[in-house]
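Just passing along the structure, written as structure tokens.
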Amino acid sequence: DDTFTYIPSAVMLRTGIERTSDSKPAYFAAPHGGMDVNISGPLIGKGTRPACLQFYVSIGGLTCFHPDEDQDAPWAAKTSLADIYSHDDAIRAIRMCAIVAITFNRIATEFNLPFGGYGILGMCNDSSTLIDFALRGQTNAYPLLATGRYLNHIVSFLIKLKFEIEELRMMLSEESAGSKKLQPVVNDILCLIKSTSHLPSDLHVSPATLIGTSSRYDTSYGVPVFQSTADSKSILREMANTAREYLE
């Protein structure tokens, strides 16, 4: 009839968790994640529609702000994993995006990583969750797939950047406007060092981390599109309840 019909499809991956009673594995539909920034003002985002950007590390090889003009796919509606930030937190988030972009792109360049470090430094979810975790001290994102090897490198490069900023401040007058503007950068780097060090990992889920994993999965896949996702939520809840009974 000359019309289009949406057919939802996804890459289903194993979570690494299976129900003990029948060994049935839990799966997740490979998602995309990022930090949304919607800008309205006299220069950009004029009219009824704001300028939509999203921050993440891309398989295209760059960690930066990308256009966020998604096609109309009603079955792929976005799931917000945090409340809208206050004005002050939004400014900090954008500043942290710059810090993470510098760090990820430097590591990818110096280590000559394929795809700009995508999949090695972490996935799109990881790059944006580092920032949300630094701001809120918690995260609802699933999955988080950064490896321990490169999380250590991220922390080391953040420390290196902190020293570089502090050296720049020393070159400026302590009371100068430039020096004062750099202090919040140092503070945010320290927050990112802590968030990177404590970021949850879904590459290896233990009984102790299963409760948090189940909660993040449940939030990230709030309304299941696929039956496999609904079944997996039940499996994770059952396993988390068992862990909670003995660990909390």
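Quick note: residue numbers are just sequence positions, from 1.
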Between atom CZ of Phe104 and atom CG of Leu158, what is the distance when rounded to the nearest 0.5 Å?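 Answer for the CZ-CG pair, Phe104 versus Leu158, is 8.5 Å.
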
If you define the side chain from C-beta out and look only at heavy atoms, does anything of Lys194 sit under 4.5 Å from Phe133? no

Heavy-atom count around Tyr85 OH within 6.0 Å, excluding the residue itself: above 12? yes

Heavy-atom donor-acceptor pair, Tyr221 side chain to Ser232 backbone, under 3.5 Å: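 It does not hold such a pair.
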
Stepwise side chain to side chain contact (heavy atoms under 4.5 Å, CB included) check, Cys191 with Met96: CA-CA 9 Å; Cys191 290; Met96 287 186 186; 4.1 Å; yes

Working to the nearest 0.5 angstrom, can you tell me the gap between Leu130 CG and Leu144 CG? 8.5 Å

Chi angles and distances behind the ring pair (Phe, Tyr, Trp, His ring centres under 6.0 Å) call for Tyr56, His66: CA-CA 8 Å; Tyr56 56 91; His66 301 267; 4.2 Å; yes

Student check: side-chain heavy atoms of Pro31 and Pro143 closer than 4.5 Å: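 Counting from C-beta outward, Pro31 and Pro143 do come under 4.5 Å.
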
Sub-6.0 Å ring centroid separation between Phe28 and Tyr142: yes

Can we say Lys160 and Glu167 salt-bridge, meaning some charged N sits less than 4.0 Å from an Asp/Glu carboxylate O?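 Result for this pair is no, no salt bridge flagged.
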
Shortest non-hydrogen separation from His204 to Thr209 and the atoms involved: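 Scanning both residues completely, I find the closest heavy atoms to be O-OG1, 4.4 Å.
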
Shared ILVMFWY cluster between Leu151 and Met123, side chains joined below 4.5 angstrom?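 Per the 4.5 Å side-chain linkage, Leu151 and Met123 are co-clustered.
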
If you take all heavy atoms of Asn140 and Ser220, which pair is closest and at what distance? O-OG, 2.8 Å

Identify whether Ile102 and Val37 are in the same connected component of the hydrophobic contact network (ILVMFWY, side-chain heavy atoms under 4.5 Å). yes

CG of Leu236 to CZ of Arg216: how many Å apart, nearest 0.5 Å?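 The CG atom of Leu236 sits 10.5 Å away from the CZ atom of Arg216.
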
Identify the heavy atoms of Val205 and Asp202 that sit nearest to each other, and give their distance.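 Smallest interatomic distance, heavy atoms only, reads CG2-O, 3.9 Å.
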
Is there a donor-acceptor pair closer than 3.5 Å between any side-chain N or O of Ser214 and the backbone N or O of Leu210? no

Taking the side chain as everything from C-beta on, heavy atoms only, tell me whether Asn241 gets closer than 4.5 Å to Arg244.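 Contact flag for Asn241/Arg244 side chains = yes.
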
Heavy-atom pair of closest approach, residues Leu13 and Ala30: CD1-CB, 4.2 Å

Give a yes or no on whether a salt bridge exists between Asp83 and Arg136, defined as a side-chain N under 4.0 angstrom from a carboxylate O. no

Give a yes or no on whether the backbone of Cys52 and the side-chain of Asn38 come within a donor-acceptor separation of less than 3.5 Å.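 Checked: no pair found.
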
Glu238 side, atom CD; Ile17 side, atom CD1 - distance, nearest 0.5 Å: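 Here the interatomic distance stands at 12.5 Å.
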
I need the Asp36 CG to Leu53 CG distance, nearest 0.5 Å.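 Spacing of CG (Asp36) from CG (Leu53) equals 9.0 Å.
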
Hey, could you give me the OH/OG1 distance between Tyr27 and Thr15, rounded to the nearest 0.5 Å? 9.0 Å

Looking at Phe163, I want to see if its CZ is surrounded by more than 12 non-hydrogen atoms of other residues, nucleotides or ligands under 6.0 Å.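 Atom CZ in Phe163 is not crowded, with 12 or fewer foreign heavy atoms closer than 6.0 Å.
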
Given 3.5 Å as the limit, does a donor-acceptor pair link the side chain of Ser215 with the main chain of Gly212, or not?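 Judged by distance alone, no pair lies under 3.5 Å.
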
Find out whether Ile39 and Pro50 are in side-chain contact, i.e. whether some heavy atom of one side chain is under 4.5 Å from a heavy atom of the other.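 When only atoms from C-beta onward are counted, Pro50 and Ile39 do not touch, as no gap falls below 4.5 Å.
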
Please answer whether the main-chain N or O of Leu172 pairs with a side-chain N or O of Ser176 as donor and acceptor at a distance below 3.5 Å.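 Judged by distance alone, no pair lies under 3.5 Å.
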
Before you tell me yes or no, could you show the steps for Leu182 and Leu168 under side chain to side chain contact (heavy atoms under 4.5 Å, CB included), namely the whole-Å CA-CA distance, both residues' side-chain angles and the distance that decides it to 0.1 Å? CA-CA 9 Å; Leu182 288 174; Leu168 180 58; 3.8 Å; yes

I'd like to know whether Leu121 forms a side chain to side chain contact (heavy atoms under 4.5 Å, CB included) with Ile154, so could you lay out the CA-CA distance, the side-chain angles of the two residues, the decisive distance to 0.1 Å, and finally the verdict. CA-CA 8 Å; Leu121 296 173; Ile154 292 169; 4.2 Å; yes

Taking the side chain as everything from C-beta on, heavy atoms only, tell me whether Thr229 gets closer than 4.5 Å to Met12. yes

Check against side-chain hydrogen bond (donor to acceptor under 3.5 Å, both in side chains), Asn187 and Gln183: CA-CA 6 Å; Asn187 295 341; Gln183 185 56 50; 2.9 Å; yes

Closest approach of Leu161 to Arg106 (non-hydrogen atoms, all atoms of both residues):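 Looking at all heavy atoms of both residues, the closest pair is CD1-NH1, 4.0 Å.
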
Any salt bridge linking Glu18 with Lys24? Criterion: basic side-chain nitrogen under 4.0 Å from a carboxylate oxygen. no

Same hydrophobic cluster for Leu113 and Ile59, using side-chain heavy-atom links shorter than 4.5 Å among ILVMFWY?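 Yes; Ile59 is reachable from Leu113 via cluster members.
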
Applying the 4.5 Å side-chain criterion to the ILVMFWY set and letting contacts propagate, would Val185 and Met35 be lumped into a single cluster? yes

Would you check, one step at a time, whether the test ring pair (Phe, Tyr, Trp, His ring centres under 6.0 Å) holds for His153 with Phe111? CA-CA 10 Å; His153 285 308; Phe111 285 80; 4.7 Å; yes

Given side chain to side chain contact (heavy atoms under 4.5 Å, CB included), test Leu145 with Asp126 step by step and report yes or no. CA-CA 7 Å; Leu145 303 174; Asp126 299 87; 4.3 Å; yes

Which atoms form the tightest heavy-atom contact between Ala82 and Asp132, and what is the distance?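 Ala82 and Asp132 have their closest heavy atoms at CB-OD1, 3.9 Å.
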
So does Ile235 get a backbone contact from the side chain of Arg19, meaning a donor-acceptor N/O pair under 3.5 Å?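 Such a contact is absent between Arg19 side chain and Ile235 backbone.
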
Is there a path of hydrophobic side-chain contacts, each under 4.5 Å between heavy atoms of I/L/V/M/F/W/Y residues, joining Ile189 to Tyr150? yes

Leu81 versus Thr139: any side-chain heavy-atom pair under 4.5 Å? no

Side chain to side chain, Arg92 and Ile131, heavy atoms closer than 4.5 Å: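 Side chain of Arg92 against side chain of Ile131, heavy atoms only: no contact under 4.5 Å found.
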
So Pro184 and Arg95, do their side chains get closer than 4.5 Å, heavy atoms only?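 Yes, side chains in contact.
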
